[in-house]
Amino acid sequence: MHPLSLWRWRHNPLYRRTDRLQGRIALAMLLLVPILGLGATFAIGDAAHRHYRAAAEHQRQTLRLTTAVLTHDAPDHPEPGSAEARENRYPATVRYTDPAGRIRTAETDVLPGLSAGSSVDVWVDADGAIAEPPMSAEKIRSRTMGWGLVAFLTVTLAGAAAYRGVAVVLRRRNLAQWDAKWAETAPRWTTSP
């Protein structure tokens, strides 16, 4: 593409004002959407990071780690000691003492192959119910990145939708102008001599 082709396109007599307007809007969108998307990514990502850090801190303050005992053998589907056994957890019933000193029974996920009477660590909330452990730094980071990605995609899709809306409006306007011009010109072409 020759560098002066854009200059010639600007002065092409076949292009209407709406074509030039649509080109300028497209150029503006190509420049603004990435900048606004990055701004939204950092703003939303920062807000999400602060929110999840505060939530994790609240969890660390309100949850208590306690030891529970399995009441039955845990399922041992994967090969003991395998990578699958280290990653997978299976539901099992455990008995533990809640913060009020009561003995309780509940279900939690444990490593496969543990026998009845084995000890496992569980997180317990103030009411004594088993809870998810506090969010780790890795989980906070992944959730923050997820919200940042959602923000960037939202800005990108909004920009594409705005451009599409403008293009539809301008196309309808062009067609209406074309119909009006044809209505003026058609009688001269269709009349017989």
Side-chain angles (χ1 to χ4, degrees), residues 26 28-165 167:
M29 289 292 188
L30 284 173
L31 296 174
L32 285 177
V33 166
I35 293 169
L36 294 176
L38 288 175
T41 298
F42 288 119
I44 298 296
D46 181 55
H49 184 70
R50 283 188 277 113
H51 167 75
Y52 287 125
R53 270 192 20 214
E57 184 59 34
H58 176 72
Q59 289 171 339
R60 279 191 283 281
Q61 291 174 1
T62 59
L63 298 179
R64 183 175 140 240
L65 186 63
T66 189
T67 302
V69 177
L70 264 72
T71 59
H72 302 292
D73 291 346
D76 58 355
H77 296 293
E79 181 70 29
S82 68
E84 184 182 3
R86 286 190 296 273
E87 293 173 5
N88 291 337
R89 301 284 188 268
Y90 294 97
T93 305
V94 294
R95 187 174 46 251
Y96 61 97
T97 305
D98 71 8
R102 297 179 301 235
I103 304 264
R104 296 182 69 166
T105 303
E107 195 172 87
T108 189
D109 293 336
V110 298
L111 290 169
L114 292 177
S115 59
S118 296
S119 297
V120 293
D121 290 331
V122 293
W123 289 91
V124 180
D125 65 16
D127 296 329
I130 292 181
E132 290 290 320
M135 280 187 282
S136 64
E138 182 180 322
K139 188 178 267 189
I140 292 170
R141 187 174 24 262
S142 69
R143 288 185 179 185
T144 299
M145 289 173 63
W147 279 108
L149 180 62
V150 166
F152 185 82
L153 290 176
T154 300
V155 170
T156 302
L157 291 174
Y163 176 74
R164 178 70 181 150

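Bear in mind that the values here come from a model prediction, so they are computed numbers and not experimental data. What you see below is based on every heavy atom in this structure, not just the backbone, and it leaves out hydrogens, waters and symmetry mates.
For the pair Arg102/Thr97, no side-chain contact is recorded, criterion being any heavy-atom separation below 4.5 Å from C-beta on. Looking only at side-chain heavy atoms (C-beta outward), Val94 and Glu107 stay at 4.5 Å or farther from each other. The shortest side-chain heavy-atom distance between Pro99 and Val124 falls under the 4.5 Å cut-off. In this structure the side chain of Pro134 reaches within 4.5 angstrom of the side chain of Leu63, judged on heavy atoms. Thr66 has its side chain out of reach of Asp121: every pair of non-hydrogen atoms, C-beta onward, lies at least 4.5 Å apart.
For Asp73 (side chain) and Ala116 (main-chain N/O), a donor-acceptor pair under 3.5 Å exists by modelled atom type. Side-chain atoms of Tyr96 do not come within 3.5 Å of backbone N or O of Ala106 as any donor-acceptor pair. When atom types are taken as modelled, the side chain of Thr71 and the backbone of Thr93 share a donor-acceptor pair closer than 3.5 angstrom. At least one donor-acceptor pair closer than 3.5 Å links the side chain of Gln59 to the backbone N or O of Met135.
In this structure, the salt bridge (charged side-chain N to carboxylate O under 4.0 Å, His left out) partners of Arg104, at least two apart in sequence or on a different chain, are Asp98. With sequence neighbours left out, the side chain to side chain contact (heavy atoms under 4.5 Å, CB included) criterion links Leu114 to Leu70, Ala74, Val110, Leu111, Ser118, Val120.
When all heavy atoms are compared, the tightest approach of Val122 to Ala68 is CG2-CB, 4.0 Å. Heavy-atom minimum distance, Gly159 versus Val33: CA-CG2, 3.9 Å. When all heavy atoms of Ala151 and Ala40 are compared, the closest pair comes out as CB-O, 3.7 Å.
Note that CH2 of Trp123 is 12.5 Å distant from OG1 of Thr108, once rounded to the nearest 0.5 Å. The structure places CG of Asp46 at 12.0 Å from OG1 of Thr41, a figure rounded to the nearest 0.5 Å. With rounding to the nearest 0.5 angstrom, the CZ atom of Arg164 is 14.5 Å from the CG atom of Leu157. To the nearest 0.5 Å, atom OG1 of residue Thr154 and atom CZ of residue Phe152 are 10.5 Å apart. Taking CZ of Arg53 as the reference point, atom OG1 of Thr144 lies at 9.5 Å (rounded to 0.5 Å). Rounding to the nearest 0.5 Å gives a distance of 10.5 Å between OH of Tyr52 and NZ of Lys139.
Counting heavy atoms of neighbouring residues, nucleotides and ligands inside a 6.0 Å radius, atom CD of Gln61 exceeds 12 of them. Residue-environment remark: CZ (Arg64) exceeds the threshold of 12 foreign heavy atoms within 6.0 Å.
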Query - Derivation of the salt bridge (charged side-chain N to carboxylate O under 4.0 Å, His left out) call for Glu138 and Arg141 - result: CA-CA 5 Å; Glu138 182 180 322; Arg141 187 174 24 262; 5.5 Å; no
